[in-house]
Amino acid sequence: MKEELEHRIAEACRELFGTDVKVELTRPEEQFGDFSTNVALQLAGQVDKNPREVGEALAAALREKLAGQVTEVSIAGPGFINLRLSDAALLAALSEQPAKSLAGQTVVAEYSDPNPFKVLHAGHLYTSVVGDAIANLLDNAGGEVHRVNFGGDVGLHVGKTMWAILKELGGENPDKLNEIPEDQRSEWLAEAYINGTNAYEDDESAKTQIIELNKRVYALHNDNDHDSPFAQIYWTTRQWSYDYFDKFYARIGSHFEKYYPESETAPVGLQTVREHVPDVYQESDGAIIFDGEKYGLHVRVFINSEGLPTYEAKDIGLIMLKKRDYDFDKSVVITGNEQAQYMAVVLKSMGQFAPELVQATSHLTHGLVKLQGGEKMSSRKGNILRAEDVIDAAAHANKELTGQDNDDTVLGAVKYAFLKNRMGGDIVYDPKESVSLEGNSGPYLQYAHARARSILAKTENQGSLDNAELQPDERSLARKLGEYTEVVNRATGELMPHHIATYLYELAKAFNGFYEHNRVIDDERQNVRLALVANYADKLKAGLGLLGIAAPDRM
RNA sequence: GCCCGCGUAGCUCAGUGGAUUAGAGCAUCUGUCUUCGGAACAGAGGGUCGGCGGUUCGAAUCCGUCCGCGGGUACCA
């Protein structure tokens with residue numbers, strides 16, 4: 001609808017003035033019409049005429065040209081042209097679907113990125129929720145989406161954890177791992193990491209041992225060692241970590257088809273970087289660097305002076321592996337803000353030898369999760385806000401408010417609270433507000449959906465909009481429903497799920513306003529109104545679905 | 001120092017070139033309706049859109065500058 005009108009208005013501009021204009025229809029306030037365009041203002045400058053005059057001429061042409069779909073064309077203010085759709089056109093828009101702009105394309109979405117041997121914190125929950133929503137949008141647009149994860153199974157944090165594990169096991173005794181009950185493994189690992197971290201800071205000899213263990217972990221990967229006692233401990237506990245991640249992801253409704261451990265991307269990255277010395281990367285002080293300063297960025301080390309790959313090289317390797325595994329057309333990577341400039345350097349360097357991969361890549365970043373009224377979280381000493389703490393806080397607040405334990409409500413509350421914010425800035429999470437049934441919350445929308453379903457459940461008849469002539473309140477609701485595809489298309493194009501959250505809330509408000517004054521069942525307008533309610537319930541459910549939020553029929 | 005991001009009502013946030021009064025939610029205050037799930041609806045108060053300058057017919061939105069906060073700035077991720 002929108003695209004078609006834009007196209008035909010552009011055509012009219014060409015016919016009348018012989019110039020090409022980019023027509024963008026916007027949604028004005030309802031009193032002004034259904035669509036609005038400022039082309040007359042743009043054209044006025046180009047053809048050197050008064051905007052009002054240009055507007056009048058264009059409006060006259062549009063009245064004829066768009067007669068089938070548009071009942072009113074008016075000029076307002078400095079020269080805006082407002083269009084009012086016919087009821088038929090307005091209703092036709094209700095059955096439109098979001099654009100399949102990614103049909104036939106393969107997309108890799110990487111997000112969450114927890115490190116094995118460490119706990120999932122609030123930030124991981126946030127990127128998982130946002131990443132899922134974005135992946136859903138890409139999928140909804142027809143893309144073949146692969147959700148993948150990346151994390152450090154080698155590195156100093158592993159050395160710290162291994163140190164504490166060995167101490168706990170009384171040496172390299174893999175058999176003793178069997179004594180740890182399955183349901184305590186993740187907590188046991190989390191404690192090991194904290195103990196290792198503390199020892200590293202407080203105890204010089206421990207620090208030396210940890211550095212040594214870190215090297216042994218790298219070495220066992222190089223040697224493909226799965227049999228030595230040390231290796232058995234490493235592989236077993238690494239798997240415990242992945243099991244813990246999987247379990248958590250299942251709890252929040254996420255699923256990743258692949259984990260890329262750094263141990264796999266490191267060799268590929270190392271080789272790729274070495275292949276491009278000295279044309280892209282150069283040696284400097286014994287390290288291999290990329291001089292981003294040439295491009296207004298900064299210098300970063302890709303291979304350190306010990307010959308080990310840094311995160312930069314591992315990321316290069318990751319992109320190569322994703323390409324090898326999926327041959328993607330588009331790649332989306334979601335990380336924290338602190339990696340924005342870092343990633344710019346990595347991608348700039350890669351652009352020197354694989355520009356097509358870089359062009360296909362979008363790096364999105366988000367801020368931190370903070371608890372309302374709480375202090376900032378710190379990764380030191382383990383006093384961080386864990387992912388599960390956030391969900392538990394929501395569950396607790398929900399229990400206090402409603403007396404119920406309802407996973408759909410709790411998860412819906414947390415996810416919506418995260419997703420309603422534009423991605424990029426830090427967000428403040430307030431458990432009480434998130435589970436509230438009033439205001440702009442997930443449960444409010446879930447309830448709005450359940451309420452609509454219960455109306456529909458009262459009759460077999462699902463109504464019809466065929467040849468309907470709308471009353472003013474019905475028209476307002478239909479107008480809002482018609483924005484759905486535009487909003488989804490925008491959210492998909494910008495990779496910004498919050499547009500959907502904002503819209504769904506407005507839609508629910510619009511519906512509640514309608515419902516307050518208009519009877520549905522046993523009314524002479526029942527047929528039309530039922531169909532509107534059905535369309536509303538479907539859109540609410542679909543929109544929440546894109547956000548990864550359940551929309552139960554009953555609550 | 002340099003680079004990047006952010007600064008909108010008491011609080012949490014939309015809006016990122018357009019439309020006489022800058023929008024929501026929470027909180028505060030006031031109403032409506034004998035309720036197709038009232039977990040509703042309507043309304044009021046509350047803002048120099050961080051400050052100043054500029055571009056434009058038009059700026060919260062673009063540019064410059066200053067202030068404040070956060071992040072990055074060679075062998076962490």
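Keep in mind it's a predicted model, so treat the numbers as computed, not measured. Just so we're on the same page: letters track the sequence lines, and every chain starts at 1.
Contact annotation: A:Arg422 side-chain N/O to B:G15 OP1/OP2 distance is under 4.0 Å. Between A:His498 and B:G15 there is a side-chain N or O to OP1 or OP2 distance below 4.0 Å.
The residue A:Thr502 sits close only to the backbone: its heavy atoms come under 4.0 Å of sugar-phosphate atoms, none of a base. Among the atoms of the strands shown, base atoms are found under 4.0 Å from some heavy atom of A:Ser284. Within 4.0 Å of A:Ala44, counting heavy atoms only, lies no atom of the nucleic acid at all. Nucleic acid contact class of A:Asp553 (heavy atoms, under 4.0 Å, all strands): base. A:Asp285 comes within contact range of at least one nucleobase, with a heavy-atom separation under 4.0 Å. Using a 4.0 Å heavy-atom cutoff across all strands shown, A:Asp315 reaches no nucleic acid atom at all. Counting any heavy atom pair closer than 4.0 Å across all strands shown, A:Ala287 reaches a base atom. Counting non-hydrogen atoms under 4.0 angstrom, A:Asn512 reaches the backbone sugars and phosphates but no base. Residue A:Leu41 is in base contact, counting any heavy-atom pair closer than 4.0 Å across all strands shown. In this structure, A:Asp291 reaches neither bases nor backbone, as no heavy-atom distance under 4.0 Å exists between it and the strands shown. Looking at heavy-atom distances under 4.0 Å, A:Tyr444 makes contact with sugar-phosphate atoms alone, never a base. Counting non-hydrogen atoms under 4.0 angstrom, A:Asn440 reaches the backbone sugars and phosphates but no base. Within 4.0 Å of A:Arg490, counting heavy atoms only, lie sugar-phosphate atoms of the nucleic acid but no base atom. Within 4.0 Å (heavy atoms only), A:Glu306 reaches no atom of the nucleic acid at all.
Proximity note for A:Val520 (side chain, C-beta onward) versus B:A77, B:C36, B:C75: the nearest is B:C36. Checked against B:C13, B:A74, B:A77, the side chain of A:Gln339 finds its nearest nucleotide in B:A77. With distances taken from any side-chain atom of A:Asn421 to the nucleotides B:G15, B:A39, B:C13, the minimum falls on B:C13. Closest to the A:Arg300 side chain, of the nucleotides B:U16, B:G37, B:A77, is B:A77. Looking at the side chain of A:Lys509, the nearest of the listed nucleotides B:C26, B:G25, B:G72 is B:G25.
For the P atom pair drawn from B:G53 and B:A59, the interatomic distance equals 14 Å after rounding to whole Å. As rounded to the nearest Å, B:G45 and B:G10 have C1' atoms that lie 13 Å from one another. For the C1' atoms, the distance linking B:A40 with B:G5 amounts to 41 Å, nearest Å. Distance noted for atom P between B:U32 and B:G18: 40 Å (whole Å). Only the C1' atoms considered, B:G15 is 25 Å distant from B:U28, to the nearest whole Å.
Along RNA chain B, the nucleotide closest to A:Ala508 and the one closest to A:Gly296 are compared, and the more 5′ of them pairs with A:Gly296. Across the interface with RNA chain B, nearest-nucleotide mapping of A:Gly439 and A:Ile427 shows A:Ile427 to be the residue nearer the 5′ end.
Considering OG1 of A:Thr365 and CD1 of A:Ile334, their distance stands at 10.0 Å, rounded to 0.5 Å.
Under the 30°/60° scheme for interplanar angles, the aromatic rings of A:Phe290 and A:Tyr295 are found to lie parallel. A perpendicular orientation is assigned to the rings of A:His157 and A:Tyr193, their planes being inclined by more than 60° (bins at 30° and 60°). Using bins of under 30°, 30° to 60° and over 60° for the plane-to-plane angle, the ring pair A:Phe302/A:Tyr281 lands in the tilted bin. Note: A:Tyr126 and A:His366 have perpendicular aromatic rings, judged against thresholds of 30 and 60 degrees for the angle between ring planes.
Consecutive Watson-Crick or G-U pairing (both distances under 3.5 Å) extending over three or more pairs maps onto RNA chain B as B:1-7 with B:67-73, B:10-13 with B:23-26, B:28-32 with B:40-44, B:50-54 with B:62-66.
Between the side chain of A:Gln341 and the base of B:G71, at least one donor-acceptor pair of N or O atoms lies under 3.5 Å. Remark: the A:Thr310 side chain and the B:A74 base include no donor-acceptor N/O pair separated by less than 3.5 Å. For A:Ser36 and B:A19, a side-chain-to-base donor-acceptor distance below 3.5 Å is present, hydrogens and geometry of angles not being considered. Scanning atom types as modelled, no donor and acceptor separated by under 3.5 angstrom connect the side chain of A:Asn337 and the base of B:G71.
The distance from atom CG of A:Leu368 to atom P of B:U12 is 15 Å, rounded to the nearest whole Å. Rounded to whole angstrom, the span from the CZ atom of A:Arg451 across to the C1' atom of B:C36 amounts to 9 Å. B:G23 atom P lies 11 Å from atom CD of A:Gln31, rounded to whole Å. The OH atom of A:Tyr505 sits 18 Å away from the P atom of B:U12 (whole-angstrom rounding). Taking atom NZ of residue A:Lys22 and atom C1' of nucleotide B:G17, one finds them 13 Å apart after rounding to whole Å. Residue A:Tyr536 contributes atom OH, which lies 14 Å from atom C1' of B:C36 at whole-angstrom precision. In this structure, A:Tyr515 atom OH and B:G37 atom C1' are separated by 7 Å, rounded to whole Å. When rounded to the nearest whole Å, the span between CD of A:Glu524 and P of B:C36 equals 18 Å.
In this structure, A:Asp553 does not pair ionically with A:Arg451, as no charged nitrogen and carboxylate oxygen lie closer than 4.0 Å.
The aromatic ring of A:Phe80 is stacked on the base of B:A19, with the two ring centres less than 5.5 Å apart and the planes inclined by under 30°.
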**Request:** Determine, step by step, whether A:Leu83 and A:Ile9 satisfy the side chain to side chain contact (heavy atoms under 4.5 Å, CB included) criterion, reporting the C-alpha distance in whole Å, the side-chain angles of both residues, the deciding distance to 0.1 Å, and the verdict.
**Result:** CA-CA 11 Å; A:Leu83 309 178; A:Ile9 294 169; 3.9 Å; yes
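Around atom CD of A:Glu460, no more than 12 heavy atoms belonging to other residues, nucleotides or ligands sit under 6.0 Å away.
When the side chain to side chain donor-acceptor pair (under 3.5 Å) test is applied to A:Thr409, the partners found at least two apart in sequence or on another chain are A:Asn406.
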